[in-house]
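Numbers restart at 1 for each chain; the letters A, B, ... are given by sequence-line order, proteins then strands.
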Number of protein chains: 2
Amino acid sequence: MEKDSIYFGVKEIARRANVSIATVDRVIHNRTGVSEKTKKKINEIIKELDYQPNILASRLASKNIIILAVLIPRVSEETDFWEAPLRGVQRAELEIKQYGIQTIPFFFDLSDKETFVQQASLILEKGVHGVMLSPSFIEESRRFTEECQKMKLPYVFIDSNIPEQRSLSYIGPHLFKSGYVGAKLLTYRLKSRNKILVVNISKEIENYNYLQIEEGFRSYFKDNQMDNTIVRIDIKETDYLSVARHMTSVFHDHQDIEAIFVTNSRVFTVASFLQNSKKKNISLIGYDFIKENLQYLNNNVIDFLICHKPEEQAYRAVMALYQKLVIGSSVEKIQYMPIDIITKENHEFYQK
Amino acid sequence: MEKDSIYFGVKEIARRANVSIATVDRVIHNRTGVSEKTKKKINEIIKELDYQPNILASRLASKNIIILAVLIPRVSEETDFWEAPLRGVQRAELEIKQYGIQTIPFFFDLSDKETFVQQASLILEKGVHGVMLSPSFIEESRRFTEECQKMKLPYVFIDSNIPEQRSLSYIGPHLFKSGYVGAKLLTYRLKSRNKILVVNISKEIENYNYLQIEEGFRSYFKDNQMDNTIVRIDIKETDYLSVARHMTSVFHDHQDIEAIFVTNSRVFTVASFLQNSKKKNISLIGYDFIKENLQYLNNNVIDFLICHKPEEQAYRAVMALYQKLVIGSSVEKIQYMPIDIITKENHEFYQK
DNA sequence: CTGAAAGCGCTTACAG
DNA sequence: CTGAAAGCGCTTACAG
C-alpha cells in the first residue's frame, strides 16, 4: 500500500514536471487542453514512476456516476433460469456501488422479439455508459449493438455469443465443447449400440446455439468411433403436451432408444414424459440448474445436468464493464465458463 | 451512490447530535473516551439514519495497514497442489491492497510437522491481524489456533476443517459428500458386482480427512443397496515404487478388481502403475486438478477427477478476513465448496 | 470526555 | 493552455 511506503502520486508527478496536479489529472484522463510538450513530459514521468492511480481516491473525489444497462429475458412461468443472472448483477452492484456504479435492468419476453427491440431502444434513450445483454434474438441484437458502437457504448454478451460483433467481451459457455461433454456423460455407461435421441425444444427455430451444442455432441461420437444411430427431433412448442406428443411419436418409430440428450433447460418436460410413461433405464441428460430440473435429478430420471454458472456470468459481465469504464484496464475478449457437471449427489454444493 | 442523492454521513450525524465528527468517529469504532450519554445519542441517530460508512473514504484516510498471515504447505516436487491456494491469495491481495491489506505467506513442509510449528510461532511473533491456514497437522493446528484465540486473532481454515475450533470460517469441501460423489461416478457404469479398491496414499496416518471421504464413499454403496466388496489399502510411502509394490500385491490377492478410488491427489501414481502394468478397463477416480493427474485424464487412464477449487478457497479465506477486519461484517462459519467433476472433455475450462 | 484542523490521493469547477 | 482552491467522507494526532 502507498501509506508510509514510498508511493508516487499525482503530487509527485506534478512536482517533477513543474506543473500543477490539475494538469497531471488532465493528462492521466486524456482530457483536452494540454500542450503536446507538457503532455509528453508528464507521460514520461508517469511511465518512469510506474504510476498506479488510487482508485479509492479517484472514485471518492469524482461525482461522476456510471450507469450500466442489463438486458435479459424476464423470468417466465416456464423457467426461472434468468433469476440467476439477475442475482449476479445484484451481487456485483452491491460490491461496486461505493464506486459510483449503478445498474438498471431491462427485461424482454423470450416469446416476443418486439419486446427486445423496445427495451433496447429504451436503453439507448436512457443514455447509459455500458450494456450487458443476452443476445437471444440474433438479428435484433446485431442491430442494437451496432447502435451501441455508434454511441461508443461498450457492451458484453452473456449466455451466448455473436462472434462477429465488436463486443467488449463474451462471457459464457463454449457451446460446442459443452455438447461434447454431454456426449461423454451420455455414453459413459452405454451398454449397447442402441439409438440415441437428441431433443431440441425451442420456439426460436433459427437459434444456432443449439446447433453448436448438437455439433459438439455428434463430434464426440465421431472422435471416438462410435456408430450409434442418432435420432433428432425439433419441438417448437414448449408446453408439456406438445413435448409428450412428439416424444410418443418418436418412441413409436424408434423402439430401441437408450439415451436422450436435451439441448437446453427444458429437459424437465422430457423427464416428466419419461416418468409419466413409465419408461425406465433410459439415460437422460440436459441443461441448467433450475428447480424444475432438480426434482428429476433427485428422483434419478435425469442423470446429469450440465451448467455454465449463469449467475457468475452476469457478475463477471458487470465487473468487466466496471474494469473498462472505471479502471480503464483491458478486458479478456472471450471468457469461457466452466462446463459444470451436476448430479443428484453434488448439486447441493453447486454455486451458480 | 451517495453523491447527489441524500446521503447521511458522519457530518450529518455530528450535526444532529450536536457533537464533532471526531466524537462520532469514536462511537462508530467503539473507541474509548466518550460519555455513555453522547454515545447512546449518537448510536440512536446512526440507527435512525441507517448509516452505512463509506469504506473508500475510511480506508483512504486511515494509515492503518492490516496484515494477514497465510500458513500453507510448501509446493513440493511431488505435487503442485498448493500452488493454487497461493494464487488465490495473490488474486485477493491484488484486489484489496488498495484498502491497505497485505498478506505474508508462511510455508511448512508436509513431511515435517516441526516446520509447521516453527512457522506458526513465527506468525505469532510477527504480530499479524488475521490468519488463514491449512490445518494439515491436527494437533499442532489446534495448539496454534488456541494461541490465536488468546491473542484475539481471527483465523480461517481452508482445505480441511477442525470443527471444534472457534474459527472465523471453514472454507473447503464437505469431505463425506465428496466421497459419496466419487462412489456415484465410479459405479455409474459398473458392469458387474466385482471388487472395488479404495487406495489411501499418505504419510499422515492419523489424517482423518481421508477417513471422512472413505466413509462417504462407502455410504453410497449402502444407500443404494450395492454389495460390491470394497478392498482397502493404506500406503504410507508416497513414492512411485512403494505404491507400485502395494498395488501389485493387491492385484495378486484380488484378481477381479474393476474400479479404483484414490482418496487424494496422488491418484497419478496409481494411474502410472495401471499404465505400466498394462491393466485396462479399470475405472479410476481420484482427486485434484494438478498437472501430474492431467496427463492420465487425457489418455483415459483416469476417468474423473474430483476437485474443490483450491484457488477459490484461499481467495475467499482472505476475503473473509478482510470482511471481518475492515468492513466489520459477519462471515459465514462454514462455506462448503462445490464438488466439481473434471473429465478429459471439460478440464480445459475448469477454474480452480 | 470533546473538538478544530490537517490530511488521505484524487477530481472539479472556476479564474486567468 | 494552466493553476489555486475547495471538496469527496472519513481518520488522526493534538490541544484542551
* To do: Dot-bracket notation for DNA chain C is requested: 5' to 3', Watson-Crick or G-U wobble pairs only, both distances under 3.5 Å, with ( ), [ ], | and . as defined.
  => |||.||||||||.|||
* Evaluate the ring planes of Phe349(A) and Tyr336(B), with Trp represented by its six-membered ring, and classify them as parallel (under 30°), tilted (30 to 60°) or perpendicular (over 60°). =>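 Ring orientation of Phe349(A) relative to Tyr336(B): perpendicular.
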* With sequence neighbours left out, what residues match Glu147(A) under salt bridge (charged side-chain N to carboxylate O under 4.0 Å, His left out)? ->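 Scan of Glu147(A) (salt bridge (charged side-chain N to carboxylate O under 4.0 Å, His left out), adjacent residues dropped) gives Lys150(A).
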* Asked: Between dT2(C), dT2(D), dC10(D), which nucleotide gets closest to the side-chain atoms of Arg26(A)?
  ->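 Looking only at side-chain atoms, Arg26(A) lies closest to dT2(D).
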* Asked: Ala57(B) has a side chain; which of dA4(C), dT12(C), dC10(D) sits nearest to it?
  ->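 Closest of the options to the side chain of Ala57(B): dC10(D).
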* Base, sugar-phosphate, or nothing for Ile21(A), non-hydrogen atoms under 4.0 angstrom? ->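 Touches a base.
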* To do: Name the nucleic acid region contacted by Ile28(A), choosing base, sugar-phosphate or nothing; use a 4.0 angstrom heavy-atom cut-off, strictly under.
  =>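 Answer is nothing: Ile28(A) stays at 4.0 Å or more from every strand.
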Contacts table for residues 32-40 of chain A: side-chain donor-acceptor under 3.5 angstrom, sequence neighbours left out:
from: Ser35(A); atom 1: OG; to: Thr38(A); atom 2: N; distance (Å): 3.2
from: Ser35(A); atom 1: OG; to: Thr38(A); atom 2: OG1; distance (Å): 2.8
from: Thr38(A); atom 1: OG1; to: Ser35(A); atom 2: O; distance (Å): 3.1

* Side-chain N or O of Ser20(A) less than 4.0 angstrom from OP1 or OP2 on dG3(D)? ->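 Affirmative; the distance criterion is met.
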* If you round to the nearest 0.5 Å, how far is OG1 of Thr23(B) from CD1 of Ile42(B)? ->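 Ile42(B) CD1 to Thr23(B) OG1: 6.0 Å, rounded to 0.5 Å.
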* Heavy atom of residues 30-42 of chain A under 4.0 Å from DNA chain D: which residues? ->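 Those residues whose heavy atoms fall under 4.0 Å from DNA chain D, taken from residues 30-42 of chain A in numerical order, are Gly33(A), Val34(A), Ser35(A), Thr38(A).
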* To do: Give, ordered by number, those residues of residues 9-19 of chain B having at least one heavy-atom distance below 4.0 Å to an atom of DNA chain C; if nothing qualifies, reply none.
  =>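 Contacts with DNA chain C under 4.0 Å: Asn18(B), Val19(B).
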For residues 314-328 of chain B, dump all side-chain donor-acceptor pairs below 3.5 Å to protein atoms at least two apart in sequence or in another chain.
from: Tyr315(B); atom 1: OH; to: Glu95(B); atom 2: OE1; distance (Å): 2.7
from: Tyr315(B); atom 1: OH; to: Glu95(B); atom 2: OE2; distance (Å): 3.2
from: Arg316(B); atom 1: NE; to: Glu312(B); atom 2: OE2; distance (Å): 3.1
from: Arg316(B); atom 1: NH2; to: Gln351(A); atom 2: OE1; distance (Å): 2.7
from: Gln323(B); atom 1: OE1; to: Ser329(B); atom 2: OG; distance (Å): 2.7

